[in-house]
2 protein chains.
Amino acid sequence: MRNSKLYKGSLNTIILKLLEEKGKMYGYEITQKVKEITKDELRVTEGALYPALHKLEAEGFLEVEVAKVDNRIRKYYKLTEAGEKETVNRLLALEDFIRNMQQLVNPKWSLE
Amino acid sequence: MRNSKLYKGSLNTIILKLLEEKGKMYGYEITQKVKEITKDELRVTEGALYPALHKLEAEGFLEVEVAKVDNRIRKYYKLTEAGEKETVNRLLALEDFIRNMQQLVNPKWSLE
DNA sequence: ATATATACCTAAGTATCTTAGGTATGTTAG
DNA sequence: CTAACATACCTAAGATACTTAGGTATATAT
């Protein structure tokens with residue numbers, strides 16, 4: 001990731017959401033897509049990404065399909081059924097988190 | 001914190017913002033205030049809070065004032081000048097983070 | 001020929017949290 | 001009156017998720 005420590009813990013959610021949206025993606029593609037969407041403000045480093053993908057796979061949330069394109073290996077990941085459920089939960093948790101952070105940071109409560 | 005890994009890295013920002021708003025606060029007060037604001041959805045544990053306060057103080061962002069109330073010690077923390085600047089930066093980083101996460105999670109980009 | 005892009009990977013170190021304690025005083029319920 | 005809960009501080013061990021810094025290999029552009 002880039003600069004901010006805030007991103008800690010959100011990588012899995014990002015991966016799951018991208019896969020939900022795109023159907024299947026390979027690792028390098030994910031790094032590029034995040035760069036593109038966030039206009040280079042957020043970079044998923046490979047040192048964080050690959051272990052995260054392997055863990056999500058080990059937990060049964062992702063499955064892999066290996067392909068060979070231009071003489072190079074690609075590992076396409078897609079959500080399992082459990083992964084789809086997990087994605088829903090993670091997105092709900094993200095919404096809660098953002099709502100809570102906004103409540104903490106927007107000073108409405110200071111008028112109490 | 002509570003349940004979600006998303007909160008990792010956001011504790012310092014929460015502390016700084018609360019102190020900016022309230023002027024001065026003591027540790028236990030911070031834990032209660034966060035519970036109150038987030039309607040018990042987010043709990044700052046003392047095991048995370050006190051080391052974080054000590055670190056922010058060591059970094060020169062907070063200064064301490066010890067008081068005795070009802071025969072119990074309270075350590076009031078408030079922002080230094082450097083702490084005020086840091087708070088501005090952390091809040092900007094939080095806004096960036098939230099904006100980026102919303103862009104990643106809101107599927108506008110999937111229409112491309 | 002060299003750098004950059006694509007594409008995978010791991011290991012050591014760092015940071016931030018959780019969990020699980022510890023100390024001590026004040027207050028409330030049975 | 002005593003036991004539980006609230007207030008108020010603290011630390012240490014362990015878990016986890018990153019960053020940093022490598023490594024391998026092929027394709028393409030300068």
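All values below were derived from every heavy atom in this structure, side-chain atoms included, with hydrogens, water molecules and symmetry-related copies excluded. Quick caveat, the model's predicted, so the values are computed rather than measured. Order of the sequence lines sets the chain letters (A, B, ...), proteins ahead of strands, with each chain counted from 1.
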Original post:
Between D:dC18, C:dC9, C:dT19, which nucleotide has the shortest distance from any of its atoms to the side chain of A:K75?
Top reply: C:dC9
**OP:** Look at the side chain of A:A48 and decide which nucleotide, out of D:dT11, C:dT18, D:dT19, has an atom nearest to it.
**Re:** D:dT19
Rounding to an integer number of Å, can you tell me how far [X] [atom1] sits from [N] [atom2]?
X: A:Q32; N: C:dC8; atom1: CD; atom2: C1'; answer: 14 Å
X: B:E46; N: C:dA24; atom1: CD; atom2: P; answer: 17 Å
X: B:K33; N: D:dA8; atom1: NZ; atom2: P; answer: 15 Å
X: B:Y28; N: D:dT7; atom1: OH; atom2: P; answer: 3 Å
X: B:N12; N: C:dT16; atom1: CG; atom2: P; answer: 6 Å
X: B:H54; N: D:dT11; atom1: NE2; atom2: C1'; answer: 10 Å
X: A:N71; N: C:dC8; atom1: CG; atom2: C1'; answer: 14 Å
X: B:Y50; N: C:dC17; atom1: OH; atom2: P; answer: 16 Å

Original post:
Does a side-chain heavy-atom distance below 4.5 Å link B:I37 with B:L18?
Top reply: yes
May I ask you to verify if any side-chain N or O of [X] is less than 4.0 angstrom from the OP1 or OP2 atom of [N]?
X: B:K5; N: D:dA17; result: yes
X: A:K55; N: D:dA17; result: yes
X: B:R72; N: D:dT7; result: no

Subject >> Atom CD1 of A:I73 with >12 non-hydrogen neighbours under 6.0 angstrom >> reply: no
Subject >> Which residue lies more 5' along DNA chain D, comparing A:G47 with B:Y26 via nearest heavy atoms >> reply: B:Y26
**OP:** Measure from NZ or CZ of B:K24 to the centre of the six-membered ring of B:Y76, then state whether that distance is under 6.0 Å and the direction lies within 45° of the axis.
**Re:** yes
Subject >> N/O donor-acceptor pair under 3.5 Å between A:Q32 side chain and A:E29 backbone >> reply: no
Subject >> Main-chain N/O of B:E63 paired to B:T80 side chain as donor or acceptor, under 3.5 Å >> reply: no
Original post:
Per the atom types in the model, does the base of C:dT16 pair as donor or acceptor with the side chain of A:K8 at under 3.5 Å?
Top reply: no
Original post:
For DNA chain C, whose closest nucleotide is more 5', that of B:A52 or that of A:Y76?
Top reply: A:Y76
